[in-house]
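Each chain gets a letter, A, B and so on, in the order its sequence line appears, and its residues count up from 1.
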Amino acid sequence: MDVRAPKGTVDMLPEVASAWEHMTRTAQTLFARYGYEPIYTPMFEHTEVFERGIGEATDIVSKEMYTFEDKGGRMITLRPEGTASVVRSALEHNLVQQGSSAKLYYAGPMFRYERPQKGRQRQFWQIGIECLGAADPSVDAEVITVLWRFFETIGIPAASMRLLINSMGDEHCRPAYRDKVAAHIREHSAGLCEECNRRADTNPLRAFDCKNPACATIMATAPLLRDELCDECAAHYAAVKVRLDMLGIPYIEEPKLVRGLDYYTRTVFEVQADAGLGSQNAIGGGGRYDRLFEEYGGKPTPGLGFALGFERTLLCMEAAGVQVPALPRSQVYVARVSDDVAEEVFGITQALRDAGVAAEMDHQSRSLKSQFKQADRLGAQFVVICGPEELACGEATVRNMGTKEESRVAVADLSAALRDLLV
RNA sequence: GUGGGUGUAGCUCAGUUGGUUAGAGCGUCGGACUGUGGCUCCGAAGGUCGCGGGUUCGAGCCCCGUUACCCACCCCA
């Protein structure tokens, strides 16, 4: 059989997995400070959840979803992102009571059927937060700040990232703007690529994302939503910026920032970085989605959130030379001098573990010398040497691997003594 | 879906104009006087040279196919 992981997936071996857990812990600590609580939603949903939420015309829904029919005839899709599920769950359990809000965070794998390349896999991990029920611009500024602070905290130099923000408008001003952009596209139809021409009907704003130089030139002269925002949206956007200014969060206004999900309204943002990411540049992004609850048949409920990519963040960390703190391995290695004390060694090792000391022993009858090498490799600070001599006296030798000092300790006192020494 | 690149020991790679038993470094395991590590030295294990055809007296090296991975386009985390 083929033992290789499926295309676009990778095994996270201990070294990478440690970095993973480091990122998770960092996020948990940071998010808790802002009042976010964990939520775990299923990794698959009814296909409709994503089709309605993310939008039929988006790349994600139209060509990247892992969709299948289960044995009960249900159409199921592996989640391509986190927000849709969280909002669906919030509706199911009525998490957003009248006048209150829910602040949630999640972490886990997402699935998109794409051709893998650097910084892009079919299964990839995201961690994200969602703030549901709050319409105030201070929440926009808060969410953006959490995202920025996360990257700072994890060790990515601020100078190597940039935060882009924009406003997508709302149901009052966006439709008219959409029409203007569509008109602009049709007007310059001849100079635009096939894809962009199609976008005139499906999703005109995405034409701003086109990397085709000719399209970019033409779209550069298109009307900007910034100039077409209704009064409420303009005021909201301005208030968000005031708060980011207050906090010194260094944003860049990018009027052409559109993002690939249909549910966004008003504030959208994206953190980009270059180092280590291949041709990718987004490491995190999000926005406000004030109409999404209604899309699912719920009452009007504002919300916004972000998601950041674990793999890409890790690539950036590597490029920046960030050292991930190593998890402590064995603190103590219990070595046996001869096989006839094997049972005592086994018992002592377990006693240490029960006392809260990370202890390891040899299970392969290796020579004492090998056991020391093993202890050294594991980073053990102490080796407990169990020989017939010591054990006959009810003692063992404790060697400090750093100082090479050795002392005899009664077996009964080993756990207590080592706990003190390891402080 | 399209294009380009690459597939030789666990890892990183050498392998000369096709020619005998395919190499190195790192790692692993063992050893260097009797119960002791990190350095050094010695030794050992470990390879269907991605897979299948073909050319040839002979192919890891050439040709065809195939597959996997990587990178890029598209789009995004």
Side-chain angles (χ1 to χ4, degrees), chain A residues 2-10 13 15 23 54 57-64 79-83 107-128 147 151 193-196 199 203 206 208-212 215 257-261 270-273 277-286 306-316 333 335-341 362 364 366-391 396-406:
Chain A
D2 188 354
V3 298
R4 288 169 298 191
K7 191 181 189 71
T9 68
V10 293
L13 304 181
E15 196 182 345
M23 270 192 273
I54 299 168
T58 60
D59 281 7
I60 291 177
V61 171
S62 64
K63 58 185 190 191
E64 296 173 0
R79 64 180 182 194
E81 58 101 50
T83 300
M110 305 296 164
F111 308 85
R112 293 183 199 173
Y113 191 86
E114 297 186 275
R115 283 295 278 269
Q117 60 181 278
K118 195 173 186 63
R120 200 170 80 189
Q121 298 168 203
R122 291 183 172 177
Q123 180 183 24
F124 59 101
W125 280 60
Q126 288 189 331
I127 187 161
L147 180 61
F151 289 127
C193 72
E194 205 176 314
E195 177 69 26
C196 282
R199 282 166 171 151
N203 198 343
R206 293 218 57 76
F208 283 116
D209 261 356
C210 190
K211 283 170 185 164
N212 182 319
C215 298
L257 178 66
V258 171
R259 308 212 23 95
L261 298 88
E270 188 168 298
V271 174
Q272 299 184 347
L277 288 175
S279 71
Q280 269 59 241
N281 58 23
I283 54 177
F306 70 68
L308 64 91
F310 269 57
E311 287 85 354
R312 291 186 185 177
T313 300
L314 191 56
L315 289 172
C316 283
Y333 192 95
R336 74 171 139 201
V337 172
S338 55
D339 283 346
D340 53 319
V341 298
D362 167 57
Q364 298 176 70
R366 283 194 277 209
S367 67
L368 186 61
K369 179 196 281 287
S370 310
Q371 293 178 67
F372 267 87
K373 284 185 178 175
Q374 190 64 19
D376 193 57
R377 201 172 306 124
L378 293 173
Q381 297 167 58
F382 294 93
V383 170
V384 175
I385 305 161
C386 300
E389 280 175 37
E390 296 95 322
L391 291 176
T397 301
V398 174
R399 178 183 175 89
N400 181 319
M401 293 295 274
T403 65
K404 298 186 177 183
E405 288 172 305
E406 293 187 0

Worksheet entry | Any N/O donor-acceptor pair, R112(A) side-chain to C75(B) base, under 3.5 Å | no

Worksheet entry | Atom-to-atom span, CD of Q272(A) to P of A77(B) - whole angstrom | 11 Å

Worksheet entry | Where A335(A) and V383(A) come nearest, the two heavy atoms and their spacing | CB-CG1, 3.9 Å

Worksheet item: Separation of F306(A) atom CZ from A77(B) atom P, in whole Å?
Response: 13 Å

Worksheet item: Is any side-chain nitrogen or oxygen of T397(A) closer than 4.0 Å to OP1 or OP2 of G35(B)?
Response: no

Fill in: Side-chain N,O (R336(A)) to OP1/OP2 (G35(B)) below 4.0 Å
no

Response to the item:
Rounded to whole Å, CG of D362(A) lies from C1' of C29(B) at a distance of 13 Å

Worksheet item: Should R377(A) be listed as having a side-chain N or O under 4.0 Å from OP1 or OP2 of U28(B)?
Response: yes

Practice prompt. Answer yes or no: does a side-chain N or O of Q117(A) lie under 4.0 Å from OP1 or OP2 of C73(B)?
Written response: yes

Fill in: For atom CD of E114(A) and atom P of U2(B), their distance in whole Å
16 Å

Worksheet item: Counting just side-chain N and O atoms, does K369(A) come under 4.0 Å of either OP1 or OP2 of G37(B)?
Response: yes

Worksheet item: When only distance counts, do a donor and an acceptor, one from the side chain of Q371(A) and one from the base of U36(B), lie under 3.5 Å apart?
Response: no

Practice prompt. Report the residue (M401(A) or E64(A)) whose heavy-atom-nearest nucleotide on RNA chain B is the more 5′ of the two.
Written response: M401(A)

Worksheet item: Would one find a side-chain N or O of K404(A) under 4.0 angstrom from OP1 or OP2 of U36(B)?
Response: no

Worksheet item: Distance check: side-chain N/O of S370(A) vs OP1/OP2 of G30(B), anything under 4.0 Å?
Response: yes

Worksheet item: Of K373(A) and P6(A), whose nearest nucleotide on RNA chain B comes first from the 5' end?
Response: K373(A)

Worksheet entry | OP1 or OP2 of C73(B) under 4.0 Å from side-chain N/O of S279(A) | yes

Worksheet item: With stacking defined as ring centroids separated by under 5.5 Å and planes differing by under 30°, is F124(A) stacked against A77(B)?
Response: yes

Worksheet item: Do any side-chain nitrogens or oxygens of R115(A) fall under 4.0 Å of OP1 or OP2 in C73(B)?
Response: no

